Amino acid sequence: MTGHVLGWVLVVLGAGVAAGNLVRMALVRGWARFEAGAEVVMGAGMAVMAAPPTAAFYGTYGVWWAAAFGLLCLGGVALSVRHATRQGLRQLHHGAHLVIGSAAMVLMTLAMPGSGSEPMLALAGSSGHGHGHGAMAGMGGMGAHGGAQATAVSGSAEAWRATFWVLAAYFLVHMALVVRARRRDGAAGASAVEGEARTARHRRAPRHPTVLSAPNVRLAGHVGMGGSMATMLLMMTA
């Protein structure tokens, strides 16, 4: 799926996402802990998917990976419905990012070839997965039926490719939005801390360093996850 160097870069990003969200799990509770745990699984999955030595192994057992990500997707849907039921439809967006991320992982998993097996989701008849040349060689004597079938396959591949492009764009936009939101919250928090410092200079220092605060770890995880997801989705459509 990726070149050797880019593959290892994505491995580092995926492992960093998983490690950061393990830290986040220790700092948060409730829904946020479930979200962090889900991103641990997704980060680990991306690392195994992108590593050159384990990419084919990942594809061989892709059904199990897809099932795990599918369960995470269902968990996000259930929690979104729970928020909407308790707090109104405006809260339905809770869990939407997890649902989209898990669904993207399912699609990428289905597009991964395994050892001696074709990917379940072929993005193009002559893609770099290595399964297009044999199909092209056998098309000479297929006749009109074969030509129509090839056209249908090509149309389906283009539809999936467009879906991957849309998902990649979503993750890039989401990265920009979470960075902007964190900068805004950070500025507001700094003003509040400065105000408190004027009235309570004797207050003890925070237990955790600022860099390990839950919002900072969440930001780092979302940026790493978004960058990795967008890169892998675009690589799969190349």
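If you're wondering where the values come from, they're calculated on a predicted model, not measured in any experiment. Computed over heavy atoms, backbone and side chain alike; hydrogens, waters and symmetry mates excluded.
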(message) I'd like to know if the side chain of T237 reaches the main chain of R161, judged simply by a donor and an acceptor atom lying under 3.5 Å from each other, with no hydrogens or angles considered.
(response)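 A pair under 3.5 Å: no.
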State, to 0.1 Å, how close [X] and [Y] come at their nearest heavy-atom pair, and which atoms those are.
{"X": "A50", "Y": "L10", "result": "CB-CB, 3.6 Å"}
{"X": "L110", "Y": "A66", "result": "CD2-CB, 4.3 Å"}
{"X": "A230", "Y": "A168", "result": "CB-O, 3.8 Å"}
{"X": "F34", "Y": "G76", "result": "CE2-N, 4.2 Å"}
{"X": "S102", "Y": "F69", "result": "CB-O, 3.4 Å"}

(request) Classify the ring geometry between H174 and H97 as parallel (under 30°), tilted (30 to 60°) or perpendicular (over 60°). (result)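 H174 and H97: parallel rings.
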(request) Over 60° means perpendicular and under 30° means parallel, so classify the ring planes of F57 and Y61, tilted if in between. (result)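 Geometry flag for F57 against Y61: tilted rings.
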Can [Y] be reached from [X] by stepping across I, L, V, M, F, W or Y side chains whose heavy atoms are under 4.5 Å apart?
{"X": "V179", "Y": "V217", "value": "no"}
{"X": "V178", "Y": "V17", "value": "no"}
{"X": "V77", "Y": "Y170", "value": "no"}

(message) Taking the side chain as everything from C-beta on, heavy atoms only, tell me whether L79 gets closer than 4.5 Å to L98.
(response)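 L79 vs L98: side chains apart.
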(message) As a quick check of understanding, evaluate side-chain contact (heavy atoms from CB on, under 4.5 Å) for R182 and R218, giving each step before the final call.
(response) CA-CA 10 Å; R182 180 60 187 137; R218 181 175 183 270; over 6 Å; no
